[in-house]
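FYI, the numbering just counts along the sequence from 1.
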Amino acid sequence: GAAPVQWTLLSGDAEAGVTVIHMTPRLDAGPALAVARTEITEDESAEQLEPRLAQLGVAATQQAIGVLARWDGHSPIGVIQDADQVTKAPRFAKRDGQLDFRRSAMQLARQVRACQPWPSTFAELAWPDGKQMRLLVKAARAIPQTLPELRHAAPGTAIVWDTKLSELWQPQEELTRSAKVLGYSEWSAPWQRVLAVATSDGTLLIGRVGPAGKRVMSADEFLRGHPMPGTAQFVLPASQG
């Protein structure tokens, strides 16, 4: 399909790779001449993974050319694909970026990663006074636990959460990586503000956002310009099907 990188991230696969196939009349059905695999890092986005796969493809292409150079043109070549293992990866549409907080925090974090840089994930944030704004969600991380402040909250309920990231992630390597994902270069600062959102399972921490028509900024910077006393609510999309 047209979006294999995005779908492998959305599916939570542990590894990705490139395959050079021999062209046949059927689309993408030829035998595999060369395969290269790579482990997907925990916080890797499609924007980061695609160039890594492109580099992997260089050596794989050279290997495939060598296989073809030795081929007699008649005998079987490469590894025949198993049709029972085929999966589809259709092109993403803009609507695929809409966040539905009735899903789990882990699924939502994968969606954020898979949709960078396009179509980007988005959701409508509604304040209790009626103000509403579309936010592009550019960086988020899932934590498996539900925060005490959100224990009885409906999916999509958002609070401003001031926390020491060190209380969530240890050892320091994990702490540094988590802070970087959320957009904090100064991970050792006493407190960091994020948007914490209730989901069907766990809590989604949103660290970088793009208000409609404006530049991407940290959640802390956004909240300074758009105070959120108490709770707000991300609007849930209409159920499909």
Side-chain angles (χ1 to χ4, degrees), residues 1-100 103-122 136-142 173-174 177-178 180-181 204 208 210 216 237 240-241:
V5 175
Q6 289 79 4
W7 281 102
T8 199
L9 291 174
L10 198 61
S11 301
D13 294 342
E15 67 173 18
V18 295
T19 302
V20 183
I21 65 172
H22 190 220
M23 294 293 290
T24 62
R26 288 186 59 202
L27 182 65
D28 293 340
L33 303 179
V35 177
R37 294 180 172 86
T38 184
E39 186 175 324
I40 300 173
T41 63
E42 184 179 357
D43 298 301
E44 203 162 17
S45 68
E47 188 173 24
Q48 296 164 328
L49 180 57
E50 282 188 351
R52 286 212 303 117
L53 293 175
Q55 288 300 313
L56 275 181
V58 174
T61 300
Q62 292 173 333
Q63 180 183 344
I65 291 172
V67 172
L68 289 172
R70 298 186 296 271
W71 186 39
D72 61 16
H74 303 287
S75 57
I77 187 173
V79 178
I80 303 300
Q81 294 190 52
D82 182 353
D84 292 334
Q85 298 299 313
V86 170
T87 54
K88 295 184 178 181
R91 187 182 304 278
F92 271 26
K94 182 67 177 177
R95 64 179 179 273
D96 293 318
Q98 186 170 17
L99 294 171
D100 185 342
R103 305 177 75 199
S104 72
M106 184 63 71
Q107 289 173 319
L108 292 165
R110 289 173 184 164
Q111 185 181 359
V112 172
R113 292 162 52 211
C115 289
Q116 305 306 329
W118 193 91
S120 192
T121 40
F122 63 91
L136 299 181
V137 177
K138 305 300 287 188
R141 218 165 194 266
E173 178 184 356
E174 174 69 6
R177 183 168 64 244
S178 300
K180 183 178 179 181
V181 169
L204 188 72
R208 287 196 299 130
V216 176
Q240 298 180 356

For a quick test of reading the model, state the closest non-hydrogen atom pair linking [X] to [Y] and the distance between them.
X: Pro119; Y: Gly97; value: CG-N, 4.0 Å
X: Ile80; Y: Pro31; value: CD1-CB, 3.9 Å
X: Ala114; Y: Ala46; value: O-CB, 3.6 Å
X: Ala34; Y: Ala60; value: CB-O, 3.3 Å
X: Gly30; Y: Gln81; value: O-NE2, 2.7 Å
X: Lys138; Y: Pro117; value: NZ-O, 4.0 Å

Can you tell me how far [atom2] of [Y] sits from [atom1] of [X], rounded to the nearest 0.5 angstrom?
X: Leu9; Y: Leu49; atom1: CG; atom2: CG; answer: 5.5 Å
X: Trp118; Y: Lys94; atom1: CH2; atom2: NZ; answer: 7.0 Å
X: Gln6; Y: Gln116; atom1: CD; atom2: CD; answer: 10.5 Å
X: Gln111; Y: Met106; atom1: CD; atom2: CE; answer: 14.0 Å
X: Leu33; Y: Ile21; atom1: CG; atom2: CD1; answer: 8.5 Å
X: Arg113; Y: Thr121; atom1: CZ; atom2: OG1; answer: 12.0 Å

Distance-only criterion, 3.5 Å: show the donor-acceptor pairs between side-chain atoms of residues 64-74 and protein atoms not counting sequence neighbours.
| unit_1 | atom_1 | unit_2 | atom_2 | d |
| --- | --- | --- | --- | --- |
| Arg70 | NH1 | Gly66 | O | 3.2 |
| Trp71 | NE1 | Ser75 | O | 2.7 |
| Asp72 | OD1 | His74 | N | 2.8 |
| Asp72 | OD1 | Ser75 | N | 2.9 |
| Asp72 | OD1 | Ser75 | OG | 3.0 |
| Asp72 | OD2 | Ser75 | OG | 3.2 |

With [X] via side-chain contact (heavy atoms from CB on, under 4.5 Å) - residues at least two apart:
X: Thr41; result: Glu44
X: Val58; result: Gln62
X: Ser11; result: Asp13
X: Leu56; result: Val18, Ala36, Thr38, Leu53

Applying ring pair (Phe, Tyr, Trp, His ring centres under 6.0 Å), which residue pairs with at least one partner in [range] are found, sequence neighbours left out?
range: residues 37-67; result: none
range: residues 24-44; result: none
range: residues 23-44; result: none

Restricting to ring pair (Phe, Tyr, Trp, His ring centres under 6.0 Å), what partner residues turn up for Phe92, sequence neighbours left out? Trp7
Between Gln48 (side chain only) and Ser45 (backbone N and O only), is there a donor and an acceptor less than 3.5 Å apart? yes
So does Pro4 get a backbone contact from the side chain of Thr8, meaning a donor-acceptor N/O pair under 3.5 Å? no
Can you list the residues that meet the side chain to side chain donor-acceptor pair (under 3.5 Å) rule with [X], with sequence neighbours excluded?
X: Thr24; value: none
X: Glu15; value: Arg37
X: Asp96; value: none

Side-chain ion pair, Arg141 and Glu42, N-O less than 4.0 Å: yes
